[in-house]
Amino acid sequence: MPELPEVETTRRGLAPAVEHRVIRRAVVRHRGLRLPVPRGLEQRLAGTRVTSLSRRGKYLLFACTCGNDKTGTLIVHLGMSGRLWLVDAATPAEKHDHFDLEFDNGSVVRLRDPRRFGLVVWQAGDPFRHALLAAIGPEPLTPAFDGEVLHRETRNRSAPIKLILMNSHVVAGVGNIYANEALFQAGIDPRTAARRLSRARCDALATAIKKTLGLAIDAGGSTLRDYVGSDGRAGYFQNQFLVYGRAGEPCTSCGTTIRELRLAQRATCYCPRCQRR
DNA sequence: CCGACAACCTGTGAGC
DNA sequence: TGCTCACAGGTTGTCG
């Protein structure tokens, strides 16, 4: 399911329902996620108040106060197949519903994740001390990320630029779909050795990343297979894909047939005419 | 440090 | 209908 736009859509949907609310109880049905759900997490969360719901890359951060001025953060990642949505407390949990946060008003934030590549962990105090967040790259939609940063980060790298975009230590939150889309927008062949990109092309690419992610967020994210947002509504950015999943179809810009190849075992779609090395 | 690749896990659709 | 295979929105660890 989720790249940055889907996670941000989830955050926006959940925030009004959870911010300033007290967690009545937490339920863990399966601890075997990418990292084990910590023992005792349920006890730690019961009675704590969520002060804010924010996002860093693809991580959702539930900031909590536990009384006695203690603070901590529930860190949630959705992996490949995770969804986090609001249900009524009476809704029965299904097979892959691994985690619930039940609030004092009876609403429940439920994590469903068939592949279990997601994770739920706790970090006391400053959440950015957690190793998962400490080494993460700049947020793509902020001024901390721009063509200059991208240019600097790519100088010593011969790997294809698409792989660099998907490296969360270089820039946070860009996954396979939006890497494909942004490279098309910028007119760059995804196989181009990163170090060969000029400063001007890095500028264009950074701009394309911001634009693509922004448009996708505006559209409520992308719905592939059965993904729906936290409110049960589907996103619709998938209808605006220009290259992803369009192999064999004509380029929207020049009509050339879109091609697909594999880069690091990931589907890579591009227009051989519009995108150059 | 970099890059290639396997691994984690389940579901789905295509092809036979 | 049922089997096998490839593949799916992510990230990390290992090895050369």
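These numbers were taken from a predicted model, which means no experiment stands behind them. Proteins get letters first, then strands, A, B, ... in listed order; numbering begins at 1 in each.
Distances shorter than 4.0 Å separate some side-chain N or O of A/Arg157 from OP1 or OP2 on B/dG3. Between A/Lys95 and B/dT10 there is no side-chain N or O to OP1 or OP2 distance below 4.0 Å. Within the 4.0 Å cut-off from OP1 or OP2 of B/dG3, at least one side-chain nitrogen or oxygen of A/Ser158 is found. Taking only side-chain nitrogens and oxygens, A/Arg34 never comes nearer than 4.0 Å to OP1 or OP2 of C/dG13.
What separates NE2 of A/His77 from C1' of C/dT12 is a distance of 11 Å, to the nearest Å. The CG-P distance, from A/Leu165 to B/dG3, rounds to 13 Å in whole Å. Atom CE in A/Met166 sits roughly 8 Å away from atom P in C/dT11 (whole-Å rounding). Atom P of nucleotide C/dT11 and atom CG of A/Asn167 are separated by 10 Å, given to the nearest angstrom. The CD1-C1' distance, from A/Ile136 to C/dG10, rounds to 12 Å in whole Å. In this structure, CG of A/Leu119 is placed 22 Å from P of B/dA7, rounded to the nearest angstrom. At whole-Å resolution of the value, CD1 in A/Ile75 and P in C/dG10 are 19 Å apart. Between the NZ atom of A/Lys58 and the C1' atom of C/dG10 there is a distance of 6 Å, rounded to whole Å.
Residue-level contact check: A/Arg266 touches the bases, meaning some heavy atom is under 4.0 Å from a base atom. No contact: A/Arg112 has no heavy atom under 4.0 Å from any strand.
Look at A/Glu139 and A/Arg56 and you find a salt bridge, because one of the NZ, NE, NH1 or NH2 atoms lies within 4.0 Å of a carboxylate O, short of that distance.
In summary, the side chains of A/Lys70 and A/Thr65 do not present any donor paired with an acceptor at a separation below 3.5 Å, with no hydrogens or angles considered. Under the 3.5 Å distance criterion, with hydrogens and angles disregarded, a donor-acceptor pair is assigned to the side chains of A/Tyr178 and A/Ser222.
Distance from the side chain of A/Gln265 is smallest for B/dC5 among the nucleotides B/dG11, B/dC5, C/dG9. Comparing C/dG10, B/dG11, C/dA8 by their nearest atom to the side chain of A/His96 picks out B/dG11. Of the candidates B/dA6, C/dT11, C/dG10, the closest approach to any side-chain atom of A/Tyr59 belongs to C/dT11. Comparing C/dG10, C/dC7, B/dA4 against the side chain of A/Leu163 picks out B/dA4 as the nearest. Nearest nucleotide to the side chain of A/Ser168, out of C/dT12, B/dA6, C/dC7: C/dT12. Of the candidates B/dG3, C/dG10, C/dT12, the closest approach to any side-chain atom of A/Ile164 belongs to B/dG3.
Comparing the P positions of B/dA6 and C/dA6 gives a spacing of 13 Å, expressed to the nearest Å.
Judged by atom type and distance alone, A/Arg116 does not reach the base of B/dC9 through any side-chain donor-acceptor pair under 3.5 Å.
By the neighbour-count criterion of 12 heavy atoms within 6.0 Å, atom CZ of A/Arg262 is densely surrounded, having more than that number from other residues, nucleotides or ligands.
Paired with A/Asp104 under the rule side-chain hydrogen bond (donor to acceptor under 3.5 Å, both in side chains), one option of A/Arg24, A/Arg49, A/Arg25, A/Arg21 passes, and it is A/Arg21.
Place A/Glu153 and A/Ala264 on DNA chain B by their nearest nucleotides, and A/Glu153 ends up nearer the 5' end.
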Practice problem: Apply salt bridge (charged side-chain N to carboxylate O under 4.0 Å, His left out) to A/Asp189 and A/Arg276, showing your working. | Solution: CA-CA 5 Å; A/Asp189 186 309; A/Arg276 297 304 175 108; over 6 Å; no

